[in-house]
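The chains referred to below are lettered A, B, ... by the order of the sequence lines, with proteins before strands, and numbering in each begins at 1. Both backbone and side-chain heavy atoms feed into the values below; hydrogens, waters and symmetry mates do not.
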Amino acid sequence: MRYDYKTIDKKWQDRWQNQHAFEAVNDYSKPKYYALVEFPYPSGQGLHIGHPRPYTAMDIIARKKRMQGYNVLFPIGWDAFGLPTENYAIKNKVHPAEVTKKNIKHFTEQIKSLGLSFDWSREIDTTDPNYYKWTQWIFLQLFKKGLAYKKEIAVNFCTSCKVVLANEEVVGGVCERCGSEVVRKVKSQWMLKITDYAERLINDLEGLDFIERVKTQEINWIGRSEGAEVKFATTAGDDIVVYTTRPDTLFGATYMVMAPEHELITRWKEKISNYGDVESYREAAAKKSDFERTELVKEKTGVRLEGVLAINPVNGKEIPIFISDYVLATYGTGAIMAVPAHDTRDWEFAKAFSLPIIEVVAGGDVEKEAFTDVETGVLCNSGFLDGLEVKEAKKKITEWLTEKGIGRKKVNYKLRDWVFSRQRYWGEPVPLVYCEKCGWVPLPEESLPLRLPEVEHYEPTDTGESPLSKNTDWVNTTCPACGGPAKRETDTMPNWAGSSWYFLRYCDPNNPDCLASKEALDYWMPVDWYNGGMEHVTLHLLYSRFWAKFLYDIGVLSCKEPYLKRTAHGMILGENGEKMSKSRGNVINPETVISEYGADGLRLYEMFIGDFEKSAPWSQASIKGCKRFIDRVAGLTDIINGNGVTKELESSFHKTIKKVTEDIDSMKFNTAIAAMMSLVNEIYDHGSLTKDELLTLVTLLCPFAPHISEEINEFLGGTTLLSLSPWPSYDEAKTKDDSVEIAVQINGKLRGTVVVSAGATKDEMIDKAKTDEKIGKLIEGKTIIKEIAVPVKLVNIVIKP
RNA sequence: GCGGGCGUGGUGGAAUGGCAGACACGCUGGUCUUAGGAACCAGUGGGCAACCGUGCAGGUUCAAAUCCUGUCGCCCGCACCA
């Protein structure tokens, strides 16, 4: 039989679809398995060659689980709100909904051509009002529980996208998406209190089967630290509250620094004699983009507040106060006590401004550099703390502060609340109105969805106002509470909103009454295995865990964590080892690859290319090997000889079944394929195989290369879908050989091999090794110091040199 | 600076204490062919050899690509987080 993929691919894809082969059933008595891939953003560029890698991987897992008898949910949908679509729409004067429709159509065709076993009957689209109705509903619940609030804050504003960005969307001081400059802008924004969940988002990671680098990255991003909050009195009357992880160094605090944005500064306007200088420094800092702020890390700048002094609570000393942009308004309390002797940044600032440096932890040379070691130092110049180790001193001073009412233990996080407003058109409208009398009022739940209005123009504005604000007919409405005039919120939600709960909708995608029925959620959730990109760890993964926890708290979900297992795939790079991009000219188009090698060829190659978790360069040459392998499998139909099993191949079959079964579970797809290649090579060496053996082989191959496997199954007389046939089992006893070749080492160096029976004892192995002619000669007359035998592996004879 | 990871033939990669280089690409030679960028067969880490080989230098062990210490190089993430 020849492998004619051009007809075979289409034939089986149609059959799977017509027979509804991969649709999950709502039979809640069956054991379930929920396999999930990150749903794509349907961009205008179409499918990237990187997409099939995680899709095929999870497809293999889903297909195998299905063959093992599970009721498998393996869904797909579209994360379709977002900027690129909107920008394209603006440029080409088409409605974003039209663009989205077109892109989804193209993506659907491309994804279907890969033969993935998605359940298309549960397809979802975040821009569908029947879907975003529930995104809005969740937002309303957050609002009602006080977890969504509006606040005037300095936000990250992308000068090119003309939109506010979340912290997670600012990478290296520039916009994650377009690479343009990000500036600070004070705007009134909807915020979600993800910080309320910081502790749980860290703690609940324990016990989850997430790969370690995902856990570490989430933990680092949340950035928990323990320390103390301390009140410093000032000569201006108001106290300055600081957060420090080193309360033990309090005696060494020789000055204080506040962030330029700190609110006390304006309050002290009359008391600060050099207010002009202070004001101009603040203005300069506000103008700086994040990029500029981080660029100038080396040099410390600042202005002293003349006329106001702070008082160090431990010794009553008056110390100066500065403002400097090395102190962030958004972390801790926006003010610090500076201990130049034991903090590198404070040390640099103190040197630049000739401030005193007082050593309070002995162990370093604080004239040369800050001594920051917390393990070895011993307290000095610190009154009642003298002689204590850092750890003890921290405890004692915190107790002391608490007693005196000037401080307390405090846990802090780097994680900030989630900026949830975007000044763009193509997103979910916020279901709230503003009433002069009642304030922010939620729309009644039964009025949802609040649909995006049809508008003439959806260009973003330079002022940072949402395009929706120009649509006065839509904006002006009545207050649901008092019936008076009210205005709608004109900002929309970020594109992360729809993706924060989509995996729940798959459980019950058409339910008009709730986001998904309790029964469906209780049955399908949590997701058993979720694979996605590392780039989403501090964005989508964190956000969706937060929403899931919230939905757990309000009784919608019964599980505390949405995903039991999380893995991450590596990128597919260009042939030159660089990231694929149009500008580098190294882009590979999946459609071209499929037309040249077939869907199975592409699938196999993407799985064979290397370690699934690592990036790997594409190779136009190497894919041929996978195509060749499929041809050789198809060619096996020409050497079929009888039924049953052949003694010579039996053990190899059992070994291969075992290997493939185990390798799929641990995502070692490359070695699973290698094992099947080896088996095929062995069959050709043997010269023939039986019909049953070929059936076993294609059953194993089915999750990887389903089209050719189905075709061969039919050729062998199969009348039902191989994709729904039982997964092959193996006999552990038959994976073991009767006799094995073991290595014989002398002093750890390989000196020969001998064949022993598989059940040989250590003594038998050693005896056998010694009677080998070559080994015998080498040890003749030598003193044997030690003999080591490792069953079915090797014998090592240690002799005196 | 902090955190995570990596370093193995000409190439992608196997092997996670026990015969380094599975499997595949490429290459060399051959068969068949009008032809080969098709298919098939044989060979393919280096060295004439003894031997030598997993970035480099040490160490632990009967035994190290694998564990430990140091060092060099590369990739990714975070980055003035007090």
Between A:Asp417 and A:Thr195, a side-chain donor and acceptor under 3.5 Å: yes
Rounded P spacing from B:U61 to B:C68 in Å: 16 Å
Sugar-phosphate only, base, or nothing, as touched by A:Thr344 at under 4.0 Å among non-hydrogen atoms: nothing
Under 4.0 angstrom between A:Lys668 side-chain N/O and B:A15 OP1 or OP2: yes
Identity of whatever pairs with B:C32 - Watson-Crick or G-U, under 3.5 angstrom: none
Sugar-phosphate, base or nothing in reach of A:Ile336, heavy atoms under 4.0 Å: base
Minimum-distance nucleotide to A:Ser225 side chain [options: B:A82, B:A63, B:G4]: B:A82
Spacing between A:Lys749 atom NZ and B:C52 atom P, to the nearest angstrom: 5 Å
Sugar-phosphate, base or nothing in reach of A:Arg224, heavy atoms under 4.0 Å: nothing
Donor + acceptor pair across side chains of A:His540, A:Glu38 (<3.5 Å): no
Same-atom distance (P) from B:U8 to B:U54, integer angstrom: 11 Å
Parallel, tilted or perpendicular: rings of A:Tyr543 and A:Trp418 (30°, 60°): parallel
Nucleotide nearest A:Ile788 (side chain, heavy atoms from C-beta), chosen from B:C80, B:C52, B:C62: B:C62
Anti versus syn assignment for B:G9, with syn defined as within 90° of 0: syn
Residue matched to B:C6 through Watson-Crick or wobble contacts both under 3.5 angstrom: B:G73
A:Leu794, nearest nucleotide to its side chain (from B:C19, B:A82, B:G13): B:C19
Separation of the C1' atoms in B:G9 and B:G53, to the nearest angstrom: 10 Å
For B:G53, the Watson-Crick or wobble partner whose two distances fall under 3.5 Å: none
Sugar-phosphate only, base, or nothing, as touched by A:Glu787 at under 4.0 Å among non-hydrogen atoms: nothing
Sugar-phosphate, base or nothing in reach of A:Ser619, heavy atoms under 4.0 Å: nothing
Between B:A42 (C1') and A:Asp685 (CG): distance, integer Å: 12 Å
Side chain of A:Met677 - closest among B:A24, B:C6, B:A82: B:A24
Sugar-phosphate only, base, or nothing, as touched by A:Val798 at under 4.0 Å among non-hydrogen atoms: sugar-phosphate
Spacing of the P atoms in B:G43 and B:C52 (rounded, Å): 26 Å
Sugar-phosphate, base or nothing in reach of A:Gln217, heavy atoms under 4.0 Å: sugar-phosphate
Touch class at under 4.0 angstrom, heavy-atom based, for A:Asn412 against every strand present: nothing
Presence of salt bridge, A:Glu359 and A:Lys368, under 4.0 angstrom: no
Between B:C27 and B:G17 - C1' atom distance, rounded Å: 35 Å
N/O donor-acceptor pair, side chain A:Lys300 with base B:C80, under 3.5 angstrom: yes
Atom of A:Arg751, atom of A:Lys774 and distance for their closest heavy-atom approach: O-NZ, 3.1 Å
Test item: A:Thr249 side-chain N/O and A:Val339 main-chain N/O as donor-acceptor pair under 3.5 Å: no
Touch class at under 4.0 angstrom, heavy-atom based, for A:Lys414 against every strand present: base
Distance below 4.0 Å between A:Asn681 side-chain N/O and B:A24 OP1 or OP2: yes
Non-hydrogen side-chain atoms of A:Phe322 and A:Phe349 separated by less than 4.5 Å: yes
Which residue lies more 5' along RNA chain B, comparing A:Glu741 with A:Thr671 via nearest heavy atoms: A:Thr671
Nearest to side-chain heavy atoms of A:Arg751, which nucleotide of B:C19, B:C51, B:C6: B:C51
Phosphate OP1/OP2 of B:C40 contacted by A:Arg628 side-chain N/O (<4.0 Å): no
Interatomic distance where CD belongs to A:Glu578 and P belongs to B:C75 [whole Å]: 11 Å
Residue met sooner reading RNA chain B from 5', once A:Arg213 and A:Ile742 are mapped to nucleotides: A:Arg213
Distance, rounded to the nearest Å, where A:Lys614 contributes NZ and B:G4 contributes P: 17 Å
Sugar-phosphate, base or nothing in reach of A:Asp611, heavy atoms under 4.0 Å: sugar-phosphate
Out of B:C62, B:A82, B:C40, whichever nucleotide has its closest atom nearest the side chain of A:Arg632: B:C40
Sugar-phosphate, base or nothing in reach of A:Ser615, heavy atoms under 4.0 Å: sugar-phosphate
C1' atoms of B:A63 and B:G5, separation to the nearest Å: 28 Å
Distance in angstrom units between A:His540 NE2 and B:G77 C1', rounded: 18 Å
Nucleotide paired to B:U44 in any strand shown, Watson-Crick or G-U, under 3.5 Å: B:G26
Side chain to side chain contact (heavy atoms under 4.5 Å, CB included), paired with A:Phe653, selected from A:Leu700, A:Leu697, A:Thr735: A:Leu697
Sugar-phosphate, base or nothing in reach of A:Asn220, heavy atoms under 4.0 Å: sugar-phosphate
Residue-phosphate contact under 4.0 Å: A:Lys786 side-chain N/O, B:C62 OP1/OP2: yes
Separation of B:C25 C1' from A:Phe629 CZ (nearest whole Å): 16 Å
Closest to side chain of A:Phe608, choosing from B:G12, B:A82, B:C80: B:G12
Residues A:Asp631 and A:Lys627 bridged, charged N to O under 4.0 Å: yes
salt_bridge(A:Glu226, A:Lys394) N-O dist < 4.0 Å: no
Inter-nucleotide C1' distance (B:U31, B:C25), Å rounded: 22 Å
Counterpart base for B:A65, defined by Watson-Crick or G-U wobble contacts under 3.5 Å: none
Base-pairing mate for B:C80 - Watson-Crick or G-U, with both contacts under 3.5 Å: none
Proximity to the side chain of A:Tyr326 - top-ranked nucleotide from B:C80, B:A22, B:G18: B:C80
Length of the CZ-C1' vector between A:Phe322 and B:C80, whole Å: 17 Å
Separation of the P atoms in B:A65 and B:A20, to the nearest angstrom: 8 Å
